[in-house]
Amino acid sequence: MIDINILRENPELVKQSAENKNAKVDIDKALELDENRRKLIVEVENLKALRNKVTQEIADAKKNKVDAQSKIDEMRVVSGKIKELDSQLAEVESDFNGLLLQIPNIHDESVPVGKTENENVITKTVGETTSETKPDHIEIAKRLGILDFERGAKVSGSGFAFYTGKGAALERALINFFLDENTSRGYYEMMTPFMVNEESMRGTGQLPKMAEDMYHMQEDNMYMIPTAEVPLTNFHRDDMIPYSELNKQICGYSPCFRREAGSYGKDVRGFLRVHQFNKVELVKFTKPEDSWTELDKMVEDVENLLSKLGFTYRLNQLCTGDTSFASAKTIDLEVWSEGEQNWLEVSSCSNFIDFQARRANIRFKRTADSKPEFVHTLNGSGLATPRILVALIEKYYDGEKINIPECLHPYLRFKTI
RNA sequence: GGAAAGGUGCAGGAGUGGUUUAACUGGCACGCCUGGAAAGCGUGUGUGCUCGCAAGGGUACCGAGGGUUCGAAUCCCUCCCUUUCCGCCA
């Protein structure tokens, strides 16, 4: 949710930003509702002040055994009016809030303006791409017996897979490697619930927009998490984080569940898009003045993982049109897939500034008696395993076996598959 | 799934229709006292919205939402959550 004051003082900025992000939302209507809302508040609160005053007079009169009937009659009318105005106000307020929730975050000035992913900007490339054609991960995985898509489909449905034998061990090793690296760089590890309630989904912005993309259990009105970002960020929902704990960085492993409704046709083969995958998520809660340097540091943390795994990778600065609803700026990290002869997105690092914090009500105070302020939140994948596994299988396959990169050796009882 | 108890401010905890502007205790902050400290004494102590240049004012908030009433933490209804016991179960 954006700051109402920005909306009031600089509606043009909000409009321009929404347009740059390809969002359609009626800013003028929101302003009009806001004005209407404030008028009603003034009116109804004046009446409430009157009622409180006279109510006290009635109490005093009764105590002194003085007749107060005329005042009671008078207040009966006032109370009726209050009730009427309150319900009007509730309606205006709910319309206003509904509209406010649809306004996307204002993108940072540094984000290139563009409609589609074609206008994204590659800001850094590390390593060399290859042109030698290699078998793709599906082929290799089948040969070596480390992934089973057919049985995944039988047991669950398309978009689910079994990791088998050394494949399962490799997956486990990746997760542990990511967690150990990140915790050694100052992230505090957590294991979270994998199902969350509605308020949490609203807090991080999955609801109401992404409802279609999530697995929902109607019986209990709970959602399977699409990313650990949800529980990790909501950990501090409605909290006042002690100033001494900022900037706070946490990480957590979770499986991620995504319906991927309507995403057929692009990057869907094998492991490139699945309904359930494993990921280690990085989340930061920072002081507002630090969030941009913390974003750079987060990207470096992810680069560290990719470097240790020996990948060719690049940084992709998303343009406004490709930047998500809640994000002010997003940098994707992509690895080179030798089998696909293409770049695969493996991480997305975003600064949400105060947008999520405002929704989820996550604040801090600089001193005991200073005003509460919203923290800034950031998150990024560090890392999601499926595409890492794809790139790894392809890169380290020598035609016969996969030679496990050294950084994973401590986590495995074998060095080849 | 069955039963019971409970949900009040920073924490503990009182409070069953009108001096509750939420008692009291503790915590914390500031001040007094002191050579310094402790003890003691005094003062203060939340959040949202809103009006105001500001100082400051108004209003709402006792798990959530409704209702009754001139007036609700308090009475009524619905829901949520926590704890304990029983049942079932990894």
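Below, chain A is the first sequence line, B the second, and so on; all start at residue 1. Only heavy atoms go into these numbers, but all of them, side chains included; no hydrogens, no water, no symmetry mates.
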(request) Under 4.0 Å between any heavy atoms, over every strand shown, what does A/N52 touch: base, sugar-phosphate, or nothing? Just pick one. (result) sugar-phosphate
(request) Hey, which sits more toward the 5' end of RNA chain B by its nearest nucleotide, A/A59 or A/S79? (result) A/A59
(request) May I ask you to verify if any side-chain N or O of A/R8 is less than 4.0 angstrom from the OP1 or OP2 atom of B/rU50? (result) yes
(message) Less than 4.0 angstrom from a charged side-chain N to a carboxylate O is my criterion; do A/K48 and A/E45 meet it?
(response) no
(message) Let's see if you can work this out: which of B/rC51, B/rU19, B/rU59 has an atom nearest to the side-chain heavy atoms of A/E45?
(response) B/rU59
(request) May I ask you to check if A/K287 and A/Y243 form a cation-pi contact, with NZ or CZ under 6.0 angstrom from the six-membered ring centre and within 45° of the axis? (result) yes
(message) I'd like the P distance from B/rA23 over to B/rG35, given in whole Å.
(response) 36 Å
(message) Tell me whether the side-chain N/O atoms of A/R37 come closer than 4.0 Å to OP1 or OP2 in B/rC49.
(response) no
(request) Once you apply the 3.5 Å cut-off to both distances, tell me the Watson-Crick or G-U wobble partner of B/rG17, or none. (result) none
(request) Using the C1' atom on both, measure B/rC76 against B/rU69 and round to a whole Å. (result) 12 Å
(request) Pick the C1' atom in B/rG18 and in B/rA72, then give their distance to the nearest Å. (result) 10 Å
(message) Categorize A/I41 for me: base, sugar-phosphate, or nothing, with a 4.0 angstrom heavy-atom threshold over every strand shown.
(response) sugar-phosphate
(message) So A/R358, base contact, sugar-phosphate only, or nothing? Heavy-atom distance under 4.0 Å.
(response) nothing
(message) Tell me whether the NZ or CZ atom of A/K279 lies within the 45° cone about the ring axis of A/Y253 and under 6.0 Å from its centre.
(response) no
(message) Counting the atoms with a prime plus P, OP1 and OP2 as sugar-phosphate, which does A/K53 contact under 4.0 Å by heavy atoms, base, sugar-phosphate, or nothing?
(response) nothing
(request) For A/K48, report the nucleic acid contact type (base, sugar-phosphate, nothing); a contact means any heavy atom under 4.0 Å. (result) sugar-phosphate
(message) From the set B/rC70, B/rU59, B/rU50, return the single nucleotide nearest to any side-chain atom of A/A49.
(response) B/rU59
(request) Could you work out the separation of B/rG67 and B/rA14 based on their C1' atoms and round it to a whole Å? (result) 28 Å
(message) Using the P atom as the point on both nucleotides, what is the distance between B/rA64 and B/rG58, in whole Å?
(response) 24 Å
(message) With no hydrogens and no angle check, just 3.5 Å: does a side-chain donor-acceptor pair link A/N304 and A/S307?
(response) no
(request) Scan A/K83 against the nucleic acid and name what it touches under 4.0 Å (heavy atoms): base, sugar-phosphate only, or nothing. (result) sugar-phosphate
(request) Please determine, for the side chain of A/V42, which listed nucleotide (B/rC51, B/rG58, B/rC70) has the closest atom? (result) B/rC51
(request) Give, for atom CD of A/E119 and atom OG1 of A/T320, the distance between the pair rounded to the nearest 0.5 Å. (result) 8.0 Å
